[in-house]
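Down below is the structure, laid out as structure tokens.
Note: hydrogens, waters and symmetry copies are ignored here, and every other heavy atom, side chains too, is used. In this chain, numbering begins with 1 at the start of the sequence shown.
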Amino acid sequence: MVAFVGAQVPGIIYQPKPSRYHVHVANGLSTLPLTVHCQSKDDDLGIHHLPNRGDEFQWNFKVNFWGTTLFWCRLERPDAYVAFETFWPESKNTWLRERCRNGTQGTCLWIAKDDGIYLFNFPANNDELIHKWIF
């Protein structure tokens, strides 16, 4: 039996999961106010009114011991809404973790824009449209 303790495979860079995550929900609407209600199974983060472009609601947390931490939000503007998960556990897929990696920190930046909800992709340095508004 051969053991590779601390071995590194050439070409593969190991990036551990951040221990703490920061989630931001920002109003990027051109003129409309935004209402945000976020929660998890254990925590209701309350209803927050973001009347102006650039206003944001944010929170941070550590992933629970079992790796099952899940947050979701409902965003509303006067004429539309959308509800979606803002943070979810990833054991095999790293889609969210890759986009929310801001250096060694986990930072998920969700932005409500006129055509939908975007997630800022830190490595690519751009916003990605993830959800469309429901009218």
Side-chain angles (χ1 to χ4, degrees):
M1 177 169 24
V2 176
F4 295 101
V5 178
Q8 197 169 0
V9 178
I12 296 177
I13 299 171
Y14 173 71
Q15 293 183 334
K17 296 178 187 177
S19 61
R20 179 168 290 279
Y21 282 89
H22 303 268
V23 177
H24 302 253
V25 179
N27 182 350
L29 299 170
S30 56
T31 60
L32 298 171
L34 180 69
T35 300
V36 177
H37 184 194
C38 298
Q39 61 191 88
S40 72
K41 182 182 80 161
D42 301 318
D43 296 311
D44 185 334
L45 303 177
I47 297 172
H48 302 271
H49 302 286
L50 308 178
N52 303 306
R53 183 180 181 99
D55 290 347
E56 74 172 42
F57 168 62
Q58 61 180 301
W59 71 97
N60 66 77
F61 58 93
K62 285 188 174 187
V63 174
N64 66 22
F65 175 78
W66 301 275
T68 58
T69 302
L70 173 67
F71 282 95
W72 61 92
C73 295
R74 179 180 172 97
L75 279 58
E76 296 180 21
R77 59 188 223 186
D79 60 346
Y81 75 95
V82 66
F84 60 97
E85 294 177 350
T86 53
F87 182 85
W88 57 87
E90 291 184 310
S91 58
K92 296 179 183 168
N93 189 344
T94 60
W95 184 89
L96 182 68
R97 194 166 52 238
E98 288 169 1
R99 283 157 178 76
C100 294
R101 182 170 296 283
N102 182 10
T104 59
Q105 296 223 2
T107 304
C108 299
L109 175 55
W110 295 95
I111 308 155
K113 295 187 181 186
D114 294 336
D115 60 339
I117 309 303
Y118 288 74
L119 177 62
F120 185 73
N121 182 330
F122 279 94
N125 195 32
N126 66 4
D127 298 335
E128 295 180 2
L129 177 63
I130 306 299
H131 302 286
K132 298 291 258 173
W133 290 105
I134 299 169
F135 292 92

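Listed by first and then second residue, the salt bridge (charged side-chain N to carboxylate O under 4.0 Å, His left out) pairs that reach into residues 32-44 come to none, sequence neighbours excluded. Applying the salt bridge (charged side-chain N to carboxylate O under 4.0 Å, His left out) test to residues at least two apart or on different chains, the pairs with a partner in residues 123-135 are Arg99-Glu128, Lys113-Asp127. Legend: ring pair (Phe, Tyr, Trp, His ring centres under 6.0 Å) pairs involving residues 26-49, not counting sequence neighbours, sorted by first then second residue: His48-Phe57.
Residues Trp59 and Ile111 do not share a hydrophobic cluster, defined by chaining ILVMFWY side chains whose heavy atoms lie under 4.5 Å apart. Cluster annotation: Phe71 and Tyr118 are assigned to distinct hydrophobic clusters (Ile/Leu/Val/Met/Phe/Trp/Tyr, side-chain heavy-atom contacts under 4.5 Å, transitive). Connection of Leu45 to Val63 is established within a shared hydrophobic cluster, with ILVMFWY side chains joined at heavy-atom distances below 4.5 Å, either directly or through further cluster members. Both Phe61 and Val36 are assigned to one and the same hydrophobic cluster, defined by single-linkage of ILVMFWY side chains at heavy-atom distances under 4.5 Å.
For the salt bridge (charged side-chain N to carboxylate O under 4.0 Å, His left out) test, no residue two or more places apart in sequence or in another chain qualifies with Arg53. Residues passing the side chain to side chain contact (heavy atoms under 4.5 Å, CB included) test with Trp88 are Leu70, Glu85, Glu90, Trp95, Leu96, Trp110, sequence neighbours excluded. Not counting sequence neighbours, Asp115 has no partner by the salt bridge (charged side-chain N to carboxylate O under 4.0 Å, His left out) test. Every residue two or more places apart in sequence or in another chain was checked for a ring pair (Phe, Tyr, Trp, His ring centres under 6.0 Å) with Tyr81, and none qualifies. Residues satisfying the ring pair (Phe, Tyr, Trp, His ring centres under 6.0 Å) criterion with His131, sequence neighbours excluded, are Phe84. By the side chain to side chain contact (heavy atoms under 4.5 Å, CB included) test, Phe65 pairs with no residue at all, sequence neighbours left out. Considering only residues two or more places apart in sequence or on other chains, Phe120 meets the ring pair (Phe, Tyr, Trp, His ring centres under 6.0 Å) condition with Phe122. Partners of Ala80 according to the side chain to side chain contact (heavy atoms under 4.5 Å, CB included) rule, which considers only residues two or more places apart in sequence or in another chain, are Arg77, Trp133, Phe135.
Leu34 contributes atom CG, which lies 9.0 Å from atom CG of Asp55 (distance to the nearest 0.5 angstrom). How far CG of Asn102 is from SG of Cys108: 10.0 Å, rounded to the nearest 0.5 Å. In this structure, CD1 in Ile134 is found 12.5 Å from CG in Asp79, a value given to the nearest 0.5 Å. Atom OG1 of residue Thr104 and atom CZ of residue Arg20 lie 13.0 Å apart, to the nearest 0.5 angstrom. Considering OG1 of Thr69 and NZ of Lys62, their distance stands at 12.0 Å, rounded to 0.5 Å.
Using a 4.5 Å heavy-atom cutoff, the side chains of Ile117 and Ile130 are not in contact.
Closest approach of Leu75 to Cys73, counting heavy atoms only: CD1-CB, 3.7 Å. Across Gly67 and Pro89, no two heavy atoms sit closer than the pair O-CB, 2.9 Å.
Using modelled atom types, no side-chain atom of Thr107 and backbone atom of His22 make a donor-acceptor pair closer than 3.5 Å.
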Compile the donor-acceptor pairs under 3.5 Å between side chains in residues 24-32 and protein atoms, sequence neighbours left out, one pair per line.
{"unit_1": "His24", "atom_1": "ND1", "unit_2": "Glu56", "atom_2": "OE2", "d": "2.7"}
{"unit_1": "Asn27", "atom_1": "OD1", "unit_2": "Leu29", "atom_2": "N", "d": "2.8"}
{"unit_1": "Asn27", "atom_1": "ND2", "unit_2": "Leu32", "atom_2": "O", "d": "3.3"}
{"unit_1": "Asn27", "atom_1": "ND2", "unit_2": "Leu50", "atom_2": "O", "d": "2.8"}
{"unit_1": "Asn27", "atom_1": "ND2", "unit_2": "Asn52", "atom_2": "O", "d": "3.4"}
{"unit_1": "Ser30", "atom_1": "OG", "unit_2": "Asp114", "atom_2": "OD1", "d": "3.3"}
{"unit_1": "Ser30", "atom_1": "OG", "unit_2": "Asp114", "atom_2": "OD2", "d": "2.8"}

